[in-house]
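Working notes, beginning with the structure itself.
Just the heavy atoms: all of them, side chains too, but no hydrogens, waters or symmetry mates, feed the values below. Numbering of ligands and ligand atoms starts at 1, following listing order. Note that the structure is a prediction, hence the values are computed from the model and not measured.
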Amino acid sequence: MLQGHPWVFRGELQDVPDDLAPGEIVQVADARGRVVGSGYANPESSILVRILTRGEREPDAQWAKERLDAAVTRRRRDLPDVSDLRLVHAEADGLPGLVLEVMGGYAVVSPDTLGAQEVLLPWLLDEIRALGPEGVVLRAVSPSRQHEGLGLELRMLAGDPPKGPVEVHEEGIVYLVDLLGGQKTGHYFDQRQNRLRVGAWSAGRRILDAFAYTGGFALHAARGGASQVTAIDSSSEAIAALTRNAERNSVTIEAREENAFDALRALSQQRERFDLVVLDPPPFARGRSHLPAALRAYKEINLRAMRLLPPGGILCTASCSHAVSEDDFTGAVRAAAADAGFSGRVLGSYGADVDHPVRIEIPETDYLHCLVLVKE
Ligand code: SAH
């Protein structure tokens, strides 16, 4: 925390008042009694305080507005022609726990912590409305909220609910997203550039998109001229949304509701070949304690995917687990290659797009690792 990380764990503190109120703004001092910074507290969370300001400045609505303005200004500069994007990426934008996105003209706010919901959001709601959205949706559905003693919430904070799914545009592809009802699908903006890469490599190739969700990669592959696209996801809601998206974009995708682990194994037993395989699974490690099991799972799916590739075939493999470092992930893929007898070249190693900034002093912000290999 002294080096700039915003999290203060309960165990790191010497004196903790036992009457801390949820969401209370507190000052944190070092061993010599000097104030290091101020943040919001949550006595229910192992991260007792998340630092908002350093030094003597007290956080308030004006301070929060400055953070939001800075985040929005950066996005407008970095992604000038992109209308659907992440405007605030929590800790990485100095607003711990708070995610703000624009989807189909609606502002979508996702507070993952009590302080984000009860302190930052009230400070910022008018500012968010001033950005001119059709409405503001509270989409507080992250499972991590349970560590903060929070339940799930999905409702309008301002404006009327959208009449149906909204259209999220990404480089010529349209994703239909249910902000409130129906499929309750979302959209992950972090893979934007990596999807474009896959689209550019797809012409004339047979593509397999495992863990496809609503078709993030599969749609770009189909639009990029793939000869055939197969998409696998174990969720029926995701497959329904993917099928709807394929229709909306006038492309053909073979959508299969299946466990990807089983499907990958069956495909290799059937001696199926794909020229490009995308693996973009959910976070296998939700915390450091899950790391060994997560690395085994990454190794397993990569090994199975490698067996489907002919020489010249491409593997685009990702991890979005905050607890898995780039080195850990590369190690798991390397171990898979050794077991699969796979030899190949690293075409590139990529992270999240620029609306998900990485801060050097906060390793957790460097969570998305996307490794691309070509089989030789
Ligand atoms: N690639 C997607 C995002 C994937 S999110 C995109 O670009 O938008 C991870 C997906 O994996 C979710 O849709 C989830 O339903 C699916 N999933 C989780 N476990 C799975 C399993 N064992 N087999 C297949 N799909 C799985």
Side-chain angles (χ1 to χ4, degrees), residues 84-86 101 103 141-143 165 168-178 183-199 201-202 207-224 226 229-246 248-249 251 253-267 276-286 290 293-294 296-305 308 315-322 324 350-353 355-356 367-372:
D84 297 298
L85 75 176
R86 182 165 287 201
E101 297 180 321
M103 294 194 183
V141 295
S142 163
V168 167
H169 292 257
E170 184 185 273
E171 306 283 346
I173 299 289
V174 180
Y175 300 87
L176 296 169
V177 176
D178 280 298
Q183 311 285 344
K184 295 205 190 73
T185 51
H187 182 70
Y188 299 107
F189 292 113
D190 52 1
Q191 292 277 29
R192 186 188 295 112
Q193 287 300 324
N194 300 327
R195 293 190 191 112
L196 273 184
R197 293 186 172 100
V198 163
W201 293 322
S202 291
I207 316 292
L208 177 64
D209 182 7
F211 307 95
Y213 190 45
T214 60
F217 284 92
L219 291 160
H220 279 281
R223 173 62 57 84
V229 183
T230 300
I232 296 170
D233 201 284
S234 57
S235 147
S236 58
E237 289 205 328
I239 290 295
L242 185 151
T243 305
R244 188 173 71 174
N245 284 338
R248 173 65 183 79
N249 289 278
V251 295
I253 295 174
E254 186 207 349
R256 293 168 49 168
E257 184 186 328
E258 250 182 293
N259 182 319
F261 285 82
D262 300 339
L264 289 168
R265 172 182 286 157
L267 288 167
L276 194 163
V277 179
V278 178
L279 296 178
D280 184 25
F284 286 151
R286 296 243 176 226
H290 300 141
R296 281 196 297 278
Y298 284 119
K299 179 183 168 189
E300 189 60 34
I301 52 167
N302 279 281
L303 190 152
R304 292 180 190 193
L308 300 175
L315 175 63
C316 173
T317 178
S319 160
C320 61
S321 301
H322 293 253
V324 175
Y350 307 102
D353 204 0
D355 48 349
H356 295 63
Y367 69 97
L368 182 68
H369 311 296
C370 182
L371 190 61
V372 182

Q.
Out of the candidates Val372, Val278, Asp280, Asp209, only one should pair with Val198 under the side chain to side chain contact (heavy atoms under 4.5 Å, CB included) rule; please name it.
A. Val278

Short N or O contacts of ligand 1 with protein, under 3.5 Å, listed by atom name?
{"residue": "ligand 1", "atom": "1 (N)", "partner": "Phe211", "partner atom": "O", "Å": "3.2"}
{"residue": "ligand 1", "atom": "1 (N)", "partner": "Asp280", "partner atom": "OD2", "Å": "2.7"}
{"residue": "ligand 1", "atom": "7 (O)", "partner": "Arg195", "partner atom": "NE", "Å": "3.1"}
{"residue": "ligand 1", "atom": "7 (O)", "partner": "Arg195", "partner atom": "NH2", "Å": "3.0"}
{"residue": "ligand 1", "atom": "8 (O)", "partner": "Arg195", "partner atom": "NH2", "Å": "3.3"}
{"residue": "ligand 1", "atom": "13 (O)", "partner": "Asp233", "partner atom": "OD1", "Å": "3.4"}
{"residue": "ligand 1", "atom": "13 (O)", "partner": "Asp233", "partner atom": "OD2", "Å": "2.7"}
{"residue": "ligand 1", "atom": "15 (O)", "partner": "Asp233", "partner atom": "OD1", "Å": "2.7"}
{"residue": "ligand 1", "atom": "22 (N)", "partner": "Asn259", "partner atom": "OD1", "Å": "3.4"}
{"residue": "ligand 1", "atom": "23 (N)", "partner": "Ala260", "partner atom": "N", "Å": "2.7"}
{"residue": "ligand 1", "atom": "25 (N)", "partner": "Ser234", "partner atom": "N", "Å": "3.1"}
{"residue": "ligand 1", "atom": "25 (N)", "partner": "Ser234", "partner atom": "OG", "Å": "3.3"}

**Q.** N-O pairing of Glu300 and Arg304 below 4.0 Å
**A.** yes

Q: Not counting sequence neighbours, which residues clear ring-ring contact (aromatic ring centres under 6.0 Å, His included) with Phe211? List them please.
A: none

Q) Residues in side-chain hydrogen bond (donor to acceptor under 3.5 Å, both in side chains) with Thr230, at least two apart? A) Gln228, Glu254

Q) Which residues satisfy the side chain to side chain contact (heavy atoms under 4.5 Å, CB included) test with Ile173, sequence neighbours excluded? A) Tyr175, Leu219, His220, Arg223, Asn249

**Q.** Residues Glu101, His187; criterion side-chain hydrogen bond (donor to acceptor under 3.5 Å, both in side chains); working and verdict
**A.** CA-CA 10 Å; Glu101 297 180 321; His187 182 70; over 6 Å; no

